[in-house]
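Only one structure is covered here, and it is reproduced in the block below.
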Amino acid sequence: MSTMPLSATATVRELRARAVRVPMPEPHRTASGVIAESPLVLVDVVTSNGVVGHGIVFTYSTAALAATTALVQELAPLVVGTELAPAERWHALCARFRLLGTQGLVGMAISGIDMALWDALARTHGTSLVRLLGGLERPQRVYGAVGYDGTAGAARTAAAWAARGFTGVKAKIGYPDVQEDLAVVRAIREAVGPSVAIMVDYNQSLTPTDAIGRIRVLEREDEHLGWVEEPTLAHDFAGHAQVAQAVATPIQCGENWWGPQDMAHAIRAAASDVVMPDVMKMLGVTGWLKAATLAEAAGLRVSTHLWSEVSAQLLSLTPMAHWLEYCDWWNPILAAPLRVEQGLSRIDGVLGTGVEWNEAAVQRCLA
């Protein structure tokens with residue numbers, strides 16, 4: 001772990017990317033498909049003073065892994081030789097791809113680079129990301145993910161999270177019949193007791209009309225859900241606004257919005273009662289901070305999606321912090337995964353973004 005006081009302007013000396021495939025402890029099922037492994041691009045930025053910053057890109061599908069790795073490497077000429085100034089580089093990269101667009105693989109590549117640059121800058125100053133940005137470490141409530149595993153499987157997973165001290169769980173639903181959705185929620189409630197918050201995620205599997213009908217059934221049962229996430233297509237802002245206006249349960253969206261501009265469009269459409277920007281799809285740390293500022297101005301509470309280590313620090317920077325999604329999928333390749341104690345994230349003593357490689361594990365997972 002290399003750190004040193006900033007004595008002169010640092011520049012980017014090298015940008016490199018590696019593809020890894022990290023097996024899941026158990027397949028993670030959703031209404032939209034099954035995730036059996038994590039295809040990741042590991043991004044390293046090496047500075048002129050010898051500091052190395054790290055970023056992670058999750059490609060969801062192995063079909064996109066090689067292309068995304070290559071794209072990050074192709075962007076090296078736009079980064080190498082420039083000053084270590086993440087926000088400046090973010091604006092330059094976004095401007096460079098204005099005609100092509102910054103969604104999809106381009107946005108993912110920009111995000112990985114941006115995360116690595118911020119990590120390198122914080123490490124250069126010998127501090128954490130949250131301290132670098134003027135904030136303090138604040139423990140965040142974490143929730144655990146429950147897959148699309150039926151009543152018995154969902155109850156078992158939820159009970160395991162509660163036993164670890166988590167005060168919230170989020171279950172994948174969207175079963176063939178709403179009564180199955182209801183049965184899963186009931187089973188989880190019985191497993192975790194009355195004090196644990198339950199959220200549900202439809203993974204974009206319903207039409208707005210069907211979503212309204214299903215949510216009203218859940219509400220009639222008085223299940224007191226914390227939120228219903230992405231009941232319809234992520235970019236159907238009008239559809240989500242229709243659902244949000246028709247039901248009492250908060251509607252949660254954001255993990256599949258691309259960049260701060262999508263956040264702005266969604267807010268204007270009143271598409272979501274609460275939001276959960278994803279640090280990768282928001283185009284990295286720089287984009288996430290812009291999105292969180294928009295949410296704060298609109299009075300919307302902010303949760304996060306994946307990237308637990310980085311997200312725990314970003315949530316510490318917003319007064320609208322709501323929930324941190326805890327994800328251990330990538331823990332095998334991390335030297336020091338996020339600490340969670342009594343259901344709260346702990347980031348005291350963390351350097352940079354908290355992302356650093358377990359190099360032996362990385363070598364075993366190289367694609």
Side-chain angles (χ1 to χ4, degrees), residues 24-36 139-206 210-232 243-244 246-253 255 273-274 276 301 303-306 308 322-329 331 338 340-345:
M24 299 280 287
E26 294 181 9
H28 187 70
R29 295 174 178 83
T30 77
S32 301
V34 179
I35 302 173
Q140 304 296 329
R141 295 185 302 171
V142 300
Y143 70 80
V146 177
Y148 190 78
D149 298 322
T151 53
R156 183 171 56 252
T157 302
W161 287 122
R164 291 180 58 179
F166 285 37
T167 56
V169 295
K170 184 179 77 177
K172 305 293 186 181
I173 58 172
Y175 292 90
D177 185 84
V178 68
Q179 293 303 318
E180 294 177 78
D181 293 342
L182 185 57
V184 166
V185 175
R186 286 172 173 165
I188 292 175
R189 176 57 70 202
E190 184 175 350
V192 302
S195 62
V196 174
I198 300 175
M199 290 74 81
V200 296
D201 184 358
Y202 274 109
N203 282 111
Q204 309 181 63
S205 62
L206 305 174
D210 288 342
I212 292 168
R214 289 205 183 203
I215 296 168
R216 283 177 173 169
V217 170
L218 296 176
E219 290 178 340
R220 282 199 298 271
E221 293 294 323
D222 196 29
E223 291 297 346
H224 298 299
L225 295 174
W227 71 58
V228 174
E229 187 173 327
E230 287 192 333
T232 193
V243 176
V247 302
T249 305
I251 299 302
Q252 172 71 281
C253 300
E255 71 173 72
D273 300 299
V274 286
M276 55 184 313
R301 301 197 73 181
S303 297
T304 60
H305 180 249
L306 302 181
S308 303
H322 194 193
W323 284 95
L324 172 73
E325 181 178 54
Y326 177 74
C327 180
D328 59 3
W329 297 351
N331 285 9
L338 177 69
V340 178
E341 299 173 0
Q342 298 180 324
L344 298 172
S345 62

Exercise: identify the closest heavy-atom pair between Ser308 and Cys327: OG-N, 2.9 Å
Pairwise side-chain contact, Ser303 with Val274, heavy-atom cut-off 4.5 Å (strictly under): no
Least distance between heavy atoms, Ala171 atom then Ile188 atom: CB-CD1, 3.4 Å
Any donor-acceptor N/O pair, Tyr175 side chain to Gly150 backbone, under 3.5 Å: yes
Non-hydrogen atoms of Val228 and Tyr202 that approach each other most closely: CG1-CD1, 3.7 Å
From Tyr143 atom OH to Thr304 atom OG1, the distance as rounded to the nearest 0.5 Å: 6.5 Å
Side chain to side chain donor-acceptor pair (under 3.5 Å): pairs with one or both residues in residues 151-162, sequence neighbours excluded: none
Gap between atom CZ of Arg301 and atom CD of Gln252 - 0.5 Å precision: 11.0 Å
For Pro194, side-chain contact (heavy atoms from CB on, under 4.5 Å) partners two or more places apart: none
Residues which pass side-chain contact (heavy atoms from CB on, under 4.5 Å) with Ala159, listed by chain and number, not counting sequence neighbours: Ala191
side-chain contact (heavy atoms from CB on, under 4.5 Å) partners for Arg216, two or more places apart: Ile212, Glu219, Arg220, Ala246, Val247
From CA spacing to verdict: side-chain contact (heavy atoms from CB on, under 4.5 Å), Phe166, Val196: CA-CA 8 Å; Phe166 285 37; Val196 174; over 6 Å; no
Closest approach of Ser205 to Gly174 (non-hydrogen atoms, all atoms of both residues): OG-CA, 4.2 Å
Results of ring-ring contact (aromatic ring centres under 6.0 Å, His included) for His305 - residues two or more places apart only: none
Results of side chain to side chain donor-acceptor pair (under 3.5 Å) for Gln140 - residues two or more places apart only: none
Partner residues of Trp323 under the side chain to side chain donor-acceptor pair (under 3.5 Å) criterion, sequence neighbours left out: none
Test item: Asp149 side-chain N/O and Ala154 main-chain N/O as donor-acceptor pair under 3.5 Å: no
Trace of the side-chain contact (heavy atoms from CB on, under 4.5 Å) decision for Lys172 with Val146: CA-CA 6 Å; Lys172 305 293 186 181; Val146 177; over 6 Å; no
Salt bridge (charged side-chain N to carboxylate O under 4.0 Å, His left out) partners for Glu229, two or more places apart: Lys170
Minimum heavy-atom distance Pro250-Gly226, with the two atoms named: CG-O, 3.5 Å
Where Leu344 and Pro139 come nearest, the two heavy atoms and their spacing: CB-CB, 4.0 Å
Set of residues satisfying side chain to side chain donor-acceptor pair (under 3.5 Å) with respect to Asp328, sequence neighbours excluded: none
Reported CD-to-CG distance for the pair Glu255 and Asn203, which is rounded to 0.5 angstrom: 6.5 Å
Residues forming a side-chain contact (heavy atoms from CB on, under 4.5 Å) with Glu190, sequence neighbours excluded: none
Salt bridge (charged side-chain N to carboxylate O under 4.0 Å, His left out) partners of Asp273, counting only residues at least two apart: none
Gap separating the CD atom of Gln179 from the CD atom of Glu221, nearest 0.5 angstrom: 7.0 Å
Derivation and outcome, side-chain contact (heavy atoms from CB on, under 4.5 Å), residues Val184 and Val200: CA-CA 10 Å; Val184 166; Val200 296; over 6 Å; no
Euclidean distance, Tyr148 OH relative to Ile173 CD1, rounded to 0.5 Å: 9.5 Å
All side chain to side chain donor-acceptor pair (under 3.5 Å) counterparts of Glu341, not counting sequence neighbours: Arg339
Glu325 side chain vs Leu306 backbone, donor-acceptor pair below 3.5 Å: yes
Gap between atom CD1 of Ile215 and atom CG of Leu206 - 0.5 Å precision: 7.5 Å
